[in-house]
Structures are given as C-alpha cells and as structure tokens.
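Below is one structure, written out as structure tokens; the observations come after it.
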Amino acid sequence: VEASIPEPQREAWKRSQTAAFKSSDEFEKEVVRHVETSLARSMFNCDEKAAYSATSLAFRDRLILDWNKTQQRQTYRDSKRVYYFSLEFLMGRALDNAMLNVGMKDTAKAGLADLGFRIEDIIGQEHDAALGNGGLGRLAACFLDSLASLDFPAWGYGLRYRYGIFKQEIIDGYQVEVPDYWLDFNPWEFPRHDVTVDVQFFGSVKKVTNEEGKSVAIWEGGEIVVAVAYDVPIPGYDTPTTNNLRLWSSKASGGEFDFQKFNSGDYESSVAEQQRAETISNVLYPNDNLERGKELRLKQQYFWVAASLYDIVRRFKKSKRAWREFPEQVAIQLNDTHPTLAIVELQRILVDVEGLEWDLAWEIVTGTPQFGYTNHTVLPEALEKWPVGLVQHLLPRHLQIIYDINLFFLQYVEKQFPDDRDILTRVSIIEESQPKMVRMAHLAIVGSHKVNGVAELHSDLIKTTIFKDFVEIFGPDRFTNVTNGITPRRWLHQANPRLSELIASKLGSHEFLKDLSQLNKLELLVQDKEFKKEWAEIKFANKVRLAKYIKETTGVNVNPSALFDVQVKRIHEYKRQQLNIFGVIHRYLTLKAMAPAERKKQLPRVSIFGGKAAPGYWMAKQIIHLINAVGSVVNNDEDIGDLLKVIFLEDYNVSKAEIICPASDISEHISTAGTEASGTSNMKFVLNGGLIIGTCDGANIEITREVGENNIFLFGNLSEDVEDLRHAHTYGSHTIDPDLAKVFEEIQKGTFGSVHDFSAMIAAVKDHGDYYLVSDDFHSYIETHKLVDEAYRNQEEWVVKSITAVARMGFFSSDRCIYEYADGIWNVEPLPRRD
Ligand code: H53
C-alpha cells in the first residue's frame, strides 16, 4: 500500500514538523512533557530515575528525527550501505554519549540543574546495555560510533537479548552470576512491530522438477519463529548523521498462546510454543574466546542472520536493480564466524527463492565486495565448528548447500594441487571426525572476498598458521590486516572530560576528536611546565575518583598517590591474571622480608583487578578467588599498610571502564605472546595517559612502534619462541623459576586460605606443561615491574612519557579502522548530510 502523503498535503506536514530542542528552556519543556505524559508523573513524584527516563526520551526523540532524515537521504540517494553483522554489541550507556555526540551536554546540564538535578546523578541512573562479552562486542560498538561520526551509510545487525552478560557479584571471594535483566525500561530502542520476518527451522527438503524441467529444492515443514525489529539510533559525533542498529527479538508465530489448549485446561503446553520461540533471543552466551557448540546458539545465529538478510534483500529489491548489482549496493562484514551462515543463506535465497543458476548465484555471493570476514582469534577452542548432524536437523537445506559449496571448492583445490590429498583433508569445510563437523572459519574464508586479522602480528599469524593453506589456494590478496582501534569520543571525551578539555584548549579546538592524529601537536608541549602540572593534576583527580569508588564498593582505603596498577579484562588463562597475582604475592613476600626502615622506602602500589569469568570456566573462577584471597590478607597486614593494596572490582563493564581507564598509572596487557589477537583496552589506557606493561603480543607491538620503546614496559618471550618452549616443557626437563616456586610454597602453606582450591593453578604451571609460559616469563615480569617502580619515582619524567605516549596514539582511533575497511574491503563512500 502506498503510504506516501500526496503532494498537495505535504505543505501541512512541513508546517507541522517537529523541531529538535535547541536551548535549555526548550530542553526543559521536553523533559517536563515526558515526565507528565510518557511517564504519567509530576514534579511531586519525579525521582532521579524518572528524570533520567524523561531526559533520555527527550534525547531519543531528537535522535529519531535525525535518524529519519539520515535514512531518507540514504534511500533517496540509493547509496551503497555497509552492514555490520555482530552477535555482540557492548554499547554501555547511551545518554552521556548521545548528549556529547549531538553537542548538547552543557545545555542538558543547565536544564537539569534548573529542574533540580545534577547531571552526573542522572547519567548514573542508566543501566549499561551489555549485549556482549568483551573485546569483540566493544569493538563493534566503537565501529558503530565511527561509522556514524564519519557519515558512512551503515547499519549494525544483532540480537536483542532479554538478558545481556550476567552481573558479577563477589561473595566470600568467589564469583556469583546474577541475571542481567536490562529491559524493564529501555528508552533507547524503538520497537518496530510492523517490521517482522518469519524464520524457518527444522523440516525437510524435497527435490521437485518445475515447469521448466529444472530440479529445485523445496524446504518445507518444521516451525516458524517471528523476528521483530528493534531499532537503536546511533548518533555520530558533530554530525547530524544518525545510523541504525537493528536488533531482532524472537516471538512465536501462532500469536500469544494456544487458546484451544488453554481452554481445555492444558495451561503449560498452551504457552510452550511461545516460550520456545522467545528462548532464542533470551540470553547472550557468556563465553569469550570459547565456543561450546550448543543447539540454541546455532539457532540464535541462523535466526539473526536470516532476519537480517531478508531485511537487506527486501530493501535492495525496492530499488529494482538487477541481482548482479547486489554486491555494489551491499557490503556485509562478518564479525567473527558467528554470522557465517549468511553466506549459505544468501546462496539459498538466490537459488531456491529467486531461481538463479547456482554459478551465477555463487558469483554474486562471493562477489567483491560482498562478504568480508574478520577473524579475532587463533585459539583453537574459540574456532567454531558445528556437528553435521545438528546442522542437518536444524537447517536441512543449508547443510545441502554447504556440501555443494564444499564440493565445488575441493574440486577447485584439487585442480591446483592434483597430487596433494592431504591439503583437501586440511582445508575441507567438513572435518572428517567423529562426529563430522562443519568448520565455520573455512566456510567464511571460501565465501568472503577479504579476510582480515585485527593487529599486524595476528594477521601474520593467521596467514602462517591456521589459514596457511588458504593463502596458497586463494593467494595472499584475500588476506589483510586492519589493526583495531577505539572511539576517542567515548574513551577520551566522555570518560576523561578534563583531559579532553585540556587538550582542546592547547590544540585550539575539539577537532582532534574527529582526527586523532592531531594529538601529535601535544609533543611540542612536553617541556611546558604549566601544562605538565595540569596534566598530572588531572590524572591525580581521576585516581581520587577511582579511590572513592573503591572505598564505596569494597570498603578498602587506597592512597591516590600510590602507583595504580590495573588489569581489567575478561578472566582467561591466556590473559594471565594468574601471572599478575603471583607477581603481587612475590611483591608482598619481598616487602615482608624487608627491615621496616628499608620497607618505608618502597613505592606504594595499588593492584587493581576486574573482569568476569565465563560461568563454566572453573580455572578462571579460581583465579578470581585467589586474587580476593590475597587481597584479604595483604589489605589487612599492618606491616604493609599503604605499600600494597589488592583490589578486585566487582562486575567490570563499560561504564566502570570509563572510571577506571582514566585512573591508571600502569595497566597490564600480559598475554602469552601470540595469543591475544589485538586487545583494545591497552589503547584506552594509553589514550588516557597511562603507560603499559605488556608482552610482545597483539596491538602492544604496534603501540610500541607508535609511542616508542621508552614509553612502554615490554617483557617476556616472543611469539616465535612459544612453540619450542612448550615442546621443551613436555619433552625436556621443566624447572620452575625460583621466585615463582617461593610464591607457590607460600600459597601451599595456606597463607591465603584454601590450599586445595589453588592447587590446580599451581599444578597447571608445575605439572601440566605450563602451557601459558607463566614460569618462563616470571623473572622478566618481576624485573620489568622494578623498572616501572624506578621510572615512577621520577614524576617529572613519568609525565613526559605520559604526554608523549598520548601524543602518539592517533593511529588507534577506530575512525582510522573504518577508513581502512571502507577503502580496502567495503568500497563504500561517506554520505554527509547537508543540514
Ligand atoms: O576480540 C577483540 C580483540 C581480542 C580478542 C577478542 C575476542 C573476543 O572478545 C571474543 C572472541 C574472540 O574470538 C576474540 O580476544 O584480542 O582485541 C577485538 O578484535
């Protein structure tokens, strides 16, 4: 049905169009209107939560107006769009970000003050949108911010989980998981009950001959689940461009519930279908860098991918273009292998639904630039594989298509390598194991025109290890690198407003927030006394703020003049929080062994940890327990006092990172070399004037290249030596570092309580081959921390390092990443709005 208003009536529309608020008076009016109408309250019962809700609704209205115009313009121009497919978007809070991006924070601050509220309290009311686990999800969120800020026509596609990542509570030193129900009031989403897609599961495939004598596949039976769209507006910084994040929610196709069953008294099964359908988008899987192969997860993947592709195809078809033009109109980036079924689904749509020949369809699917695949890990336990039987059961037609794709692919390989049977086994999309498995990474490579890693070392490693054969088969050009980045809007301007203002005052404007390379001009000021003083004051103020937060949440007093040493990230053996806590114990023992006079001369330190362990990851949970156990001994030891404090911050998330990152002196990025694909919190800390202690791994290497070796503390074995060391542990004699051995003895004496709980962590190093090289790197780690202490004693020099490092961080803006993707992978242009 044509829903467009006829020409003669459009004048009336234009006259009546909503205008966005501009002044604080207008803003106040909007807030009061929302309190009174949307929330049905008044000034007599408007608490901070209500004020937050009304403020957010006022901003959401604004964003939706900009969103409408952006979308109209993109549609009118029929411009090519980028679609970022990600199972995770770790967005954090939206209000502060929206106010800053549209440049209205001061206006809102004044307006809220007028109405009786402090803006910080209002911002603090918001529940984080935590639809992600860690780096991968946060990267997607940074990319959305950059795409909008740089005016790219781009949409994110994901799932609207009812429960995001669990909330972590620490009880008696142990992690306890609590569900994160975040949707009781979410003003940032826009339900589109009219935008739905039917998604089919199960059933069977029938081959029939059509009127033209062609054999066609018909997928029939099974069940239908409905995908409902929820749109989240994504405002760009300092531009009216407002992009869209579309999240799908699942619901039963047969309406609310089965009335017949209900009436006959069968209450439970009357709602069973509804519940089964809603389960799909119910909960985010809480694993980071680990795939568990659960049926529901595969259902989530197909549900999301099928709905998103249907939506994209529907949009494309409106333009009445020929299918061959599809890759010219649409670029899809696969964030890890989670959305790989999109490749198969597009082939299915083209062949089964649109009736294209297989070869033509496959040319379109693999056309340039249709699909790009980003790999985020080389860890074998994180590479996705699905049992063939499960795919057959859930998606029978897709399995056939996968087999056909594989057949043609292997024929192609065989032609190139006629005498090499092994390569066929190695690269096949189907692993001939018991049970047989579909290797999603292989499928993603075969179906994509570009595959990228996320830091230089990582991109080199994938080419020489896990995907080596594919470089031979498709040539080196299919593989590329896009080093990760972070958005300076959230991670500098929002998290550290004082530093952002200081920089702006020196550079003459806020332009650096859109062109981060301008930071390099700060280097001219490293000898400016006044500037250095202000710089140091801001760091101190940020530490005071964190110290206050630590006091409020843990009850422990920490001295803001101490060196703040921070490691916050998911808890994982490869990230080696165990190395850090063993190092802390070593420091504690060293302090204890000193004469009091000697001890007094030592530099005070606060070791701060934070991060969630996957609920089923037993060893990671033991690491958390040990950190807390050490904290309760050390923090109460009167010999030690301020010299060492050990803090575990509960429930690390995006909004807490915004308080933590600006407050570090040093942060730890100490993964075993070759295991961390990139890391992105390393970038956040340095951008906020903290230095790094780290291994030669992931983006640490490029950070070193940029900031210079004098402004980072590197230690440990190199990735090229890891394999030999592991081999030696298993087949040679394996001696433990003597200092580490002492740490183990102390733990085993029971100094930190439950000896039994910690024995597995020790055994992993002593008896089970020390896979993560904790002992091999221990000495160098301890020695490097001594260098950190020494350097910190010279505050003058330390501040110079801090400023220099920030000045050289321009490369790590996610804007740079987006330009690289746009240019090298998507072939898409920005479309700035003129208004
Ligand atoms: O992705 C980040 C990297 C980081 C890497 C992380 C990641 C996940 O968060 C989850 C799964 C996965 O395979 C990889 O571990 O090194 O910085 C963004 O690229």
Side-chain angles (χ1 to χ4, degrees), residues 84 86-90 130-144 146 158 165 284-292 297 301 333-340 372-385 440-441 444 451-459 461-462 466-467 481-487 491 568-577 611-614 617 620 652-654 657 667-686 692 694-703 719 772 812 814 817-818 820-821:
Y84 199 78
S86 181
L87 258 193
E88 304 190 8
F89 288 94
L90 196 45
L131 306 186
N133 276 285
L136 174 142
R138 184 54 231 177
L139 184 75
C142 283
F143 282 2
L144 291 184
S146 286
I165 187 69
L284 165 78
Y285 275 88
N287 306 314
D288 191 87
N289 267 293
L290 179 73
E291 282 302 329
R292 290 301 205 86
R297 168 83 164 181
Q301 294 185 351
Q333 192 63 27
L334 308 175
N335 197 21
D336 214 318
T337 53
H338 315 147
T340 305
Y373 155 49
T374 305
N375 171 279
H376 295 266
T377 187
V378 293
L379 300 187
E381 66 269 30
L383 294 177
E384 272 192 302
K385 288 178 197 172
M440 300 310 267
V451 178
N452 76 286
V454 288
E456 268 172 25
L457 172 69
H458 170 64
S459 297
L461 279 176
I462 61 178
I466 53 175
F467 301 150
N481 172 58
V482 182
T483 298
N484 283 166
I486 55 169
T487 167
W491 296 112
V568 285
K569 49 183 86 235
R570 286 301 287 251
I571 312 291
H572 207 299
E573 284 163 285
Y574 87 81
K575 295 180 190 278
R576 298 202 296 189
Q577 284 91 353
K612 294 174 187 178
Y617 193 169
Y652 175 61
N653 62 11
V654 173
S667 65
E668 309 231 2
H669 307 277
I670 59 177
S671 49
T672 310
T675 62
E676 187 71 275
S678 162
T680 41
S681 74
N682 41 8
M683 303 165 189
K684 294 168 199 166
F685 283 102
V686 182
I692 283 181
T695 43
C696 293
D697 200 18
N700 288 354
I701 297 175
E702 287 149 88
I703 293 177
S719 86
Y772 297 104
F812 299 100
S814 46
C817 308
I818 291 306
E820 285 182 18
Y821 279 103

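Order of appearance sets the numbers: ligands from 1, and atoms from 1 within every ligand. Just so you know, these numbers use all the heavy atoms, side chains as well, and skip hydrogens, waters and symmetry mates.
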Heavy-atom distances under 4.0 Å are what count here, so tell me which part of [X] touches ligand 1: side chain, backbone, both or neither.
| X | answer |
| --- | --- |
| N484 | side chain |
| N289 | both |
| L379 | neither |

| message | The test is side-chain contact (heavy atoms from CB on, under 4.5 Å); show your working for Y652 and K612 and say whether it passes. | response | CA-CA 7 Å; Y652 175 61; K612 294 174 187 178; 5.6 Å; no
| query | How long is the span from the CG atom in N133 to the CG atom in L87, to the nearest 0.5 Å? | reply | 10.0 Å
| query | Any N or O on L136 sitting closer than 3.5 Å to an N or O of ligand 1? | reply | yes
| said: Looking only at distances, can you tell me whether any N or O atom of K575, backbone or side chain, sits closer than 3.5 Å to an N or O atom of ligand 1? | reply: no
| message | Against ligand 1, does D288 come closer than 4.0 Å with any heavy atom? | response | yes
| field | Short side-chain donor-acceptor distance under 3.5 Å, N335 and H376 | value | yes
| message | Let's go through R297 and E291 carefully: what are the C-alpha distance in whole Å and the side-chain angles of both, what is the deciding distance for salt bridge (charged side-chain N to carboxylate O under 4.0 Å, His left out) to 0.1 Å, and is it a yes or a no? | response | CA-CA 9 Å; R297 168 83 164 181; E291 282 302 329; 3.1 Å; yes
| query | If only atom types and distance count, is the side chain of S671 paired as donor or acceptor with the main-chain N or O of K575 below 3.5 Å? | reply | no
| Of the choices G679, S671, G135, G453, which has the non-hydrogen atom that lies closest to atom 17 (O) of ligand 1? | G679
